[in-house]
Amino acid sequence: MKEVNLSINADTCIKCGKCVKVCPAKIILQSSKDVPARVESSKGCISCGHCVAVCPTASVIHSEFPAEKVHPIDYALYPTVEQMMLLIKARRSNRVFSNKPIPAASLDLILEAGHRAPTASNQQQVGFTLLTEPEHIRMILDFTVSTFDEAAKKLKNPFLKPILKRTMPMAYRYLPVLERMKNELQKGNDPILRKATAVILIHSPKSNSFGVEDSNLAYQNASLMAEALGISQFYTGFILMAIRQDKKGKLASLLGIDGKVCAGMALGMPQFRYPNYIDRVDIDLKKL
């Protein structure tokens with residue numbers, strides 16, 4: 001963990017105690033309401049920035065967050081509850097892409113939204129690989145199909161089949177799907193990425209115990225930003241399934257990714273947008 005310099009300016013501190021309440025490491029203390037807050041030790045700081053963000057008088061001095069990295073929030077610019085819920089309800093996995101390229105500025109916003117997602121212990125160990133070149137996207141397709149082809153051979157092996165049917169029953173459910181995808185790709189179709197013009201792979205170091213969770217939080221942020229921008233996207237589930245089968249990390253090595261790919265999204269400009277949203281099944285909610 002990086003060592004930081006953290007202190008409280010006692011001259012400007014208004015003794016509100018907010019920094020004490022929000023500090024997850026509990027290293028900011030206040031002995032009573034009539035004295036300024038103080039830092040017991042900065043060694044446990046995870047640089048989440050809560051203390052800096054909550055201070056109304058800029059009295060928290062943090063080496064990771066100089067003045068140019070601290071920005072006021074205008075809550076009047078927030079979307080309304082109705083607008084936010086509409087965005088959530090309207091977001092779909094639209095796989096009907098046009099050939100029109102995605103503006104670079106839009107991709108930057110999608111990546112920034114993903115990067116802004118929370119991470120466990122504020123480790124911020126989530127990386128992004130953006131693929132827009134056709135040969136790189138084709139590389140992902142070929143990897144996925146070849147991995148599934150190898151898996152299908154094992155599933156159909158007469159010696160392994162009795163064991164695998166008991167230990168991996170769901171795999172046989174997808175076997176016809178995997179074979180159909182291979183046939184479609186051989187015909188020149190793209191049943192996996194649906195001719196997406198961009199792919200974002202989200203990855204984290206293998207040592208990160210929360211890499212999958214962190215990456216999927218990043219995906220959700222990026223997904224909602226894509227919807228707000230009018231860009232279609234879907235979760236690359238089949239590619240992630242293939243990656244899980246690849247114990248040697250072949251795809252990561254081919255793409256120069258140092259770590260484990262945990263989430264991904266295929267993107268493209270839509271041929272059309274949905275005029276309606278539909279209700280989901282009733283919420284499965286248990287109140288205790």
Side-chain angles (χ1 to χ4, degrees), residues 91-102 107 110 128-203 212 215-216 219 222-223 226 231-257 259-274:
R91 194 217 68 83
R92 300 195 68 82
S93 298
N94 186 351
R95 296 173 173 83
V96 186
F97 300 131
S98 69
N99 295 324
K100 185 179 178 182
I102 303 171
L107 288 171
I110 292 169
F128 303 84
T129 295
L130 172 64
L131 307 167
T132 55
E133 296 296 330
E135 59 266 29
H136 292 150
I137 294 176
R138 180 70 195 197
M139 188 186 300
I140 298 176
L141 290 174
D142 291 341
F143 160 80
T144 303
V145 172
S146 64
T147 302
F148 284 159
D149 196 33
E150 288 299 318
K153 290 177 182 178
K154 292 180 181 178
L155 292 172
K156 291 186 287 187
N157 185 305
F159 298 103
L160 297 175
K161 193 172 182 178
I163 300 172
L164 296 178
K165 272 211 165 185
R166 291 197 305 270
T167 58
M168 302 171 60
M170 284 295 292
Y172 286 89
R173 174 185 173 186
Y174 282 103
L175 186 57
V177 178
L178 304 181
E179 293 178 335
R180 185 167 64 248
M181 287 194 300
K182 179 183 177 182
N183 293 333
E184 286 296 314
L185 199 63
Q186 290 174 341
K187 294 177 184 178
N189 300 323
D190 179 4
I192 299 172
L193 290 174
R194 308 300 179 96
K195 297 184 178 181
T197 57
V199 175
I200 296 175
L201 297 179
I202 309 173
H203 40 86
V212 173
S215 296
N216 280 286
Y219 164 79
S223 170
I231 296 170
S232 294
Q233 63 80 39
F234 63 87
Y235 193 79
T236 55
F238 282 116
I239 293 171
L240 294 171
M241 185 187 297
I243 289 172
R244 286 194 293 269
Q245 297 291 323
D246 175 33
K247 304 303 181 184
K248 296 182 179 180
K250 180 181 177 182
L251 182 63
S253 179
L254 287 171
L255 297 174
I257 296 173
K260 179 182 177 182
V261 177
C262 302
M265 59 195 307
L267 306 103
M269 298 303 297
Q271 290 187 21
F272 49 79
R273 298 185 77 177
Y274 288 79

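The figures here come from the full heavy-atom set of this structure, side chains too, leaving out hydrogens, waters and symmetry mates.
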Once rounded to the nearest 0.5 Å, what's the spacing between atom [atom1] of [X] and atom [atom2] of [Y]?
X	Y	atom1	atom2	result
Leu255	Thr129	CG	OG1	7.0 Å
Asn183	Met181	CG	CE	10.5 Å
Ile202	Leu240	CD1	CG	9.0 Å
Leu267	Ile102	CG	CD1	5.0 Å
Met265	Ser93	CE	OG	9.5 Å
Thr147	Lys250	OG1	NZ	6.5 Å

For the residue pair [X] and [Y], establish whether any side-chain heavy-atom pair is separated by less than 4.5 Å.
X	Y	value
Ile137	Asp190	no
Leu251	Val261	no
Gln186	Val145	no

Please report the closest heavy-atom contact between [X] and [Y], naming both atoms and the distance.
X	Y	answer
Gln233	Arg91	NE2-NH1, 2.6 Å
Ala263	Ser215	CB-O, 3.9 Å
Ser232	Pro270	OG-CB, 3.0 Å

Exam field: side chain [X] to backbone [Y], donor-acceptor pair closer than 3.5 Å:
X	Y	value
Asn94	Phe272	yes
Asn216	Val212	yes
Thr236	Gly264	yes
Gln271	Phe97	yes

Enumerate, atom names and distances included, each donor-acceptor pair closer than 3.5 Å involving a side-chain atom of residues 157-164, sequence neighbours excluded.
unit_1: Asn157; atom_1: OD1; unit_2: Phe159; atom_2: N; d: 2.8
unit_1: Asn157; atom_1: OD1; unit_2: Leu160; atom_2: N; d: 3.3

Legend entry - Which residues share a ring-ring contact (aromatic ring centres under 6.0 Å, His included) with Tyr235, sequence neighbours left out: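 Per chain and number, Tyr235 pairs via ring-ring contact (aromatic ring centres under 6.0 Å, His included) with Tyr219.
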Legend entry - salt bridge (Lys or Arg N to Asp or Glu O under 4.0 Å) partners of Lys187, counting only residues at least two apart: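 Only Glu184 meet the salt bridge (Lys or Arg N to Asp or Glu O under 4.0 Å) criterion with Lys187.
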Legend entry - Contacts of type salt bridge (Lys or Arg N to Asp or Glu O under 4.0 Å), residue Arg244, not counting sequence neighbours: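 In terms of salt bridge (Lys or Arg N to Asp or Glu O under 4.0 Å), with neighbours along the sequence ignored, Arg244 is linked to no residue.
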Could you give the side-chain donor-acceptor pairs of residues 193-201 under 3.5 Å, partners two or more places apart or in another chain?
unit_1: Arg194; atom_1: NE; unit_2: Pro191; atom_2: O; d: 3.1

Legend entry - Test: Arg138 and Glu135 ion pair at under 4.0 Å: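 The answer is no: the pair does not qualify as a salt bridge.
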Inset, instruction - Would you kindly check if the NZ (Lys) or CZ (Arg) of Lys182 is within the cone defined by 45 degrees around the ring axis of Phe148 and under 6.0 Å from the six-membered ring centre? - result: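 Output no; distance or angle outside limits.
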Inset, instruction - Sequence neighbours left out, what passes side chain to side chain contact (heavy atoms under 4.5 Å, CB included) with Ser253? Give chain and number order. - result: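 Ser253: no side chain to side chain contact (heavy atoms under 4.5 Å, CB included) contacts found.
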